[in-house]
Structure formats: C-alpha cells, structure tokens
Amino acid sequence: MPDEPVIIFDKVNKWFGDFHVLRDIDLDVSRGEKIVICGPSGSGKSTLIRCINRLEEHQKGKIIVDGIELTDDLKNIDSIRSEVGMVFQSFNLFPHISVLENLVIGQHLVRRMPKADAEEVAMTYLERVKIADQADKFPGQLSGGQQQRVAIARSLCMKPRIMLFDEVTSALDPEMVKEVLDVMIDLAREGMTMLVVTHEMGFAREVADRVMFMDEGQIIEENKPGPFFDAPRSDRAKLFLSQILRQ
Amino acid sequence: MEPALRPFIEPQSPPLQSSGFIGWLRASFFSSWFNTLVTLALLWVIYQVGGFVINWGIINANWVGDSAKSCPNIDGACWAFITERWRLFVYGLYPKELYWRVNVFYLLGALTIIAFVFSFGPITRKLRLTMFIGFPVAAYIFLVGGVFDLKHISPENFGGLLLTLVIATVGIFGSIPLGLILALGRTSDLKVISKVCTYFIEFWRGVPHIAVIVMFVALLPIFIPDGNKIDIVVRAFIAFAAFNSAYMAEVFRGGLQSIPSGQFEASKAIGLSYWKMMGYIILPQAIRNSVPALVNTCISIFKETTIVLLIGFSDFLGIIQLSLEDPKWLGPPHIFSSAYVFAAIIYFTFTYGMSKYSLRLENRSNVAQ
Ligand SMILES: Nc1ncnc2c1ncn2[C@@H]1O[C@H](COP(=O)(O)OP(=O)(O)OP(=O)(O)O)[C@@H](O)[C@H]1O
Ligand SMILES: [Mg+2]
C-alpha cells in the first residue's frame, strides 16, 4: 500500500493540566513527504511532533505511525521509536562518551548489532555529515554546528523511516546554520519522510511539500511553501510572517 | 562621523610580571600592609604552636615502656602507651596467629582505594566495578572465615581499628548500592515505588542514629522471633548500612537531578529501554556528578562509626578508652591526652585523605567542563 499515510493524526487532543495545548489535530503524512511546521512560540509545534515518538502522550484521538497505533503498550512505543529518529534544538549528545560511541550505542543496544559492524555504519554516516575526522573527540569539544550534525548522524544510524527535527538550527550561530541545513537538504533529496519545525524560510521553500502553520494548539493554515510565504491567507499567519521577516 | 579603516594589530606578548619565588612570595603574602600584618601574625602563631608540638610530641615524649611509670615527664606525650598496645588497637581481639588474615583485609582495602584514586594502565571502569563488588566479599571470607578451610572467627572478636574499618566498609559498600536503588525508586514514574522509597529515606533520615542502633540491637529480637540468632554485631551492621543508605540516596538523587531532561529524551528517541537508558547514559553521568558529595558522605560514615561505642563495641576509639582504664596505665592526665591525640591523628589521616580525593575530583571535573 504505497499510498497509505505513514503518520495519521485523527482528532488528536492534548492537555498540560488545564492547558489545551493540541486541539483537534488532523494530519496525514505520506511516505517521503516533507512537512515544515511553523508558528509562534508556545503554539504547540514541539508538542505535536513529540507525540509522534511518544515523548509526550496525547489524551484524545488517534495517532497511527507506520500502521501502529500509539497506545500505552510498551512494545508499540519501542517499535515506533526505532522507526522514528528525532533531532533536538539542544543537540542532546551524550557528553560522557565519544562521538563514535554516541553513534554506536543505539545500534549496539537496541538493534543488537556487534560493535565492529556498528562502528562501520557509524563511520559512513559521520562521513556523510562530513565530520568523520572528529569521531574520537567528545561532544563538548565540537562546535554547535558539528554537534548538531553528529546528532543527525546518530539518528540516521538507527535507519529510521521518519525523521523529526525540532528547531535544530535555532541554537546555532548564523555561520553554522547552513552546514546543518545542507545535511537536511541532502536527506530530503534521498526521499526521507521528514517533519521539520523551523522558521528557516529558505529551507522550507526548497524542500517542503507542505507548510503547516500552527497557532494556539491548532493547525490554522496549510499550503505549499511558495503560496504560503508569498500570500498567507489567515491574519495570524500574516502577522507571524511579518514578525519573522522584520528580524 | 568620518568613515575610518583602522590598522590591523598583530598579537604581542604580555607585559613582564615579577616572577620566580620572590615574586610569588611578594604577590601571595606581602601585597599590602594588611596582608603583611596577617602573614606576620600567622608566622608567630605557627612558631608558637609548632614549638609546642615539637617539644611535647617529640623532644619531651616518652616512647617506650609498659606502664604509667614509664611516662614520668608530664610535659611530653606518653607514646609508650601506644607503642605497647598498638597490636590491640590495630587487630582488636583477633587471634594472634591469624593476624595475617587481617593484614590481607588491610592490603585489599588499600588496593581498592588505589584503584579508585589513581587511573593508570590496568585501572579501568571494569576493574573498579570488580573491586567494588569483590572487596567486601573477600573481606568477609578472610575476616569471618568458615569457608575454604579458614577457621570461623566470630565478628564479636573484631575490635580496634579493624572494627572501625569493617563498620566503615559495611557502611560505605552497603549504602552505595542501596542508596542507588532508593534514589532510582524515588525518581521513578511509578507512584507506589516512588512513595515507598521516599518514606523509607525520610524515616531513616529523621530518626536519631543512636535510637536506630539501640533499637536494632535491643528490640529486633522482640519483633523477629528468631532475631536473637542474628549476631548482635551483624544487627548493628545492618542498622548502620540502612540509615547511611538514606543519605547516599539523597546524594544520588542530586546527581540524577543534575542530568538535563534532553539526555532522557534523546535516549528514548533512539529507542533505549528504561534500564539501558539508566545504565549507559544517565547513571554514568549522574554518578560522576555525585562523587564529591558521595565522598563527603563517606567521610561522615567513617566518623560515625564511633556510634557503636554506645552499644558497647570496642572500635578504635573504644579500645583506646578501655585501655586507659587498665590500672597499669592509670596515672597523670598526659597519658589520656596522648591517647586521644593519637586517635585524632588516625581519624584525621583517613578523613583528610578522603577530602583531598574529593577536592581533586572536583577540580578534575571543573577542567573537563
Ligand atoms: N511539560 C509541560 N508542562 C506544562 N506545559 C508545557 C509543557 N511543555 C510545554 N508546555 C506548554 O505548552 C505550550 C506549547 O509548548 P511547545 O513547546 O509545544 O511550543 P512550541 O510551539 O514548540 O514553542 P517554541 O517555538 O517556543 O518551541 C507552551 O505554552 C508551553 O509552555
Ligand atoms: Mg518548540
């Protein structure tokens, strides 16, 4: 079934205490699709994508990832987490082990791959993100851009079918943003299914199939990147875009 | 404003500073008149105290003898009391012909400490873990015996420094794993486990240790039908490990809280199960962050061993006190002071060593960050 969506959100609702953070989210993502999610701070973008690998639990509605419905069943959660890679704004590399070991540990402990094989895989991904020469360093010795590329490689080592990116360039100095976006553009070209929370319009225009604009826990507007950025329809999106353009 | 292009400045070497020993002396001790005054005052105090220590402790001291009569000079220490009795202080009532077993215990203890303090060649995490588990086991085999043709020696015969170190070992090596488990339980998402651990910790921290020890030793037989059969020494050991594990748990909880939530999220995102996440990602970092506080707790555990005096055990301090009551050594008060000075020196040597170690670790982790 090539046309069956890999991610389905069906009327998903979530609350933090009394705070209604996700409201009736409906979303289908097809295999290979690239989705950019943007919106003001606090609109629920992170929460939305964190529901996909169950870092957050939703309370109402259905989320189906790769044919598996997300429930409290630990088996389901584990098998979904091994299909879904995630990269964070703050890199979250493991600081006490080397870059290479950061890439090996998941393959070895989750995929039960022998260490030597895992190291080989790790090196090919480090080469892909152009950082193989730093394999033996510790994460703290790398620049932010390098750390973020290692984090992407760490996710890719697990051979995920879906990649989630949560504002992965917003903690970076301007001159390092490009090296990380380039890696993501490459990945998009290879056909990875990607959900990307970002305000990088250039990136969105280049790779996104669809842009989702969120505000107050709901998806307000959905469009192709060109029309969305050139002529947003909702007032909220207009306001939001005028604000990020002024920066 | 005129547009301007400023010339590029090449790096230059820093201005000369007064260097060498004299320069260091001046900068550290004589940088201002106040600093100079403090330095001179301190020198005077050191001179006075040092003079007294040398006179009392060395020049006027009595080094050998077998009774109070050997220490006629009351202006000097009576080390004869120590030199005559040191075997008793170090080995307690352990049978003389089996002293070698105690020596093996001391040696293994020293090796274990070396493995944790230094890092060279064969010293790896694996070796340390092996030592951590192996040392208490080996200590039990050698000291208590009853296996491998080693004659059984009841812990009632332990005394002196041996008893102090055995209690410290039980306290430290028992409370670290227990404390770790309690800390994991307390931070667990499972409400029941978390509550049970929290109350357990709070109970042990809230009850005076003296009460706990007395309760265990005196009351346990009443609550547990066969409690009498559990050796009184063993009961004291269990109590000692139990309340110290509550403090260790708080040490480890602090370490766990120092780990940013991103580490948990990244571990989950790559699919690590709870135990793998804890074992490979969280605990290695949390334990490393806990070490300074952990060593501090070890220092208090070591000093707290003297609590067993209250239930009539003769630990290092206890056996010295007992010996002082020996009619042979009844006499002028300087025997008393010599004995306690000696005890203080020994306790201080151990605790100072530990605190030096924790300072070094702190510096090391500051550098690493
Ligand atoms: N664990 C939590 N407990 C309570 N409230 C939370 C929690 N996490 C997030 N929130 C709240 O939920 C709202 C949405 O948060 P979310 O992180 O999804 O926003 P976002 O769109 O990603 O914003 P940003 O652009 O700042 O990252 C915010 O108001 C936030 O304060
Ligand atoms: Mg966010």
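Looking at B/Ser261, neither its backbone nor its side chain comes within 4.5 Å of chain A, counting heavy atoms on both sides.
Side-chain atoms of B/Ile270 and A/Arg81, non-hydrogen and from C-beta on, never get closer than 4.5 Å to each other. Counting heavy atoms from C-beta outward, A/Arg50 and B/Glu265 have side chains that approach closer than 4.5 Å.
Nearest heavy atom pair, residue A/Phe88 against residue B/Ala266, reads CE1-CA, 3.8 Å.
Within a 6.0 Å radius of OH in B/Tyr352, other residues, nucleotides and ligands contribute 12 heavy atoms or fewer. The number of heavy atoms from other shown groups lying within 6.0 Å of CG (B/Asp189) does not exceed 12.
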What donor-acceptor contacts under 3.5 angstrom involve side-chain atoms of residues 133-141 of chain B, with partners at least two apart or in another chain?
none

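Contacts from residues 93-128 of chain A to chain B, taken as heavy-atom pairs separated by less than 4.5 Å, involve A/Leu93, A/Phe94, A/Pro95, A/His96, A/Ile105, A/Gly106, A/Leu109, A/Val110, A/Arg112 in sequence order.
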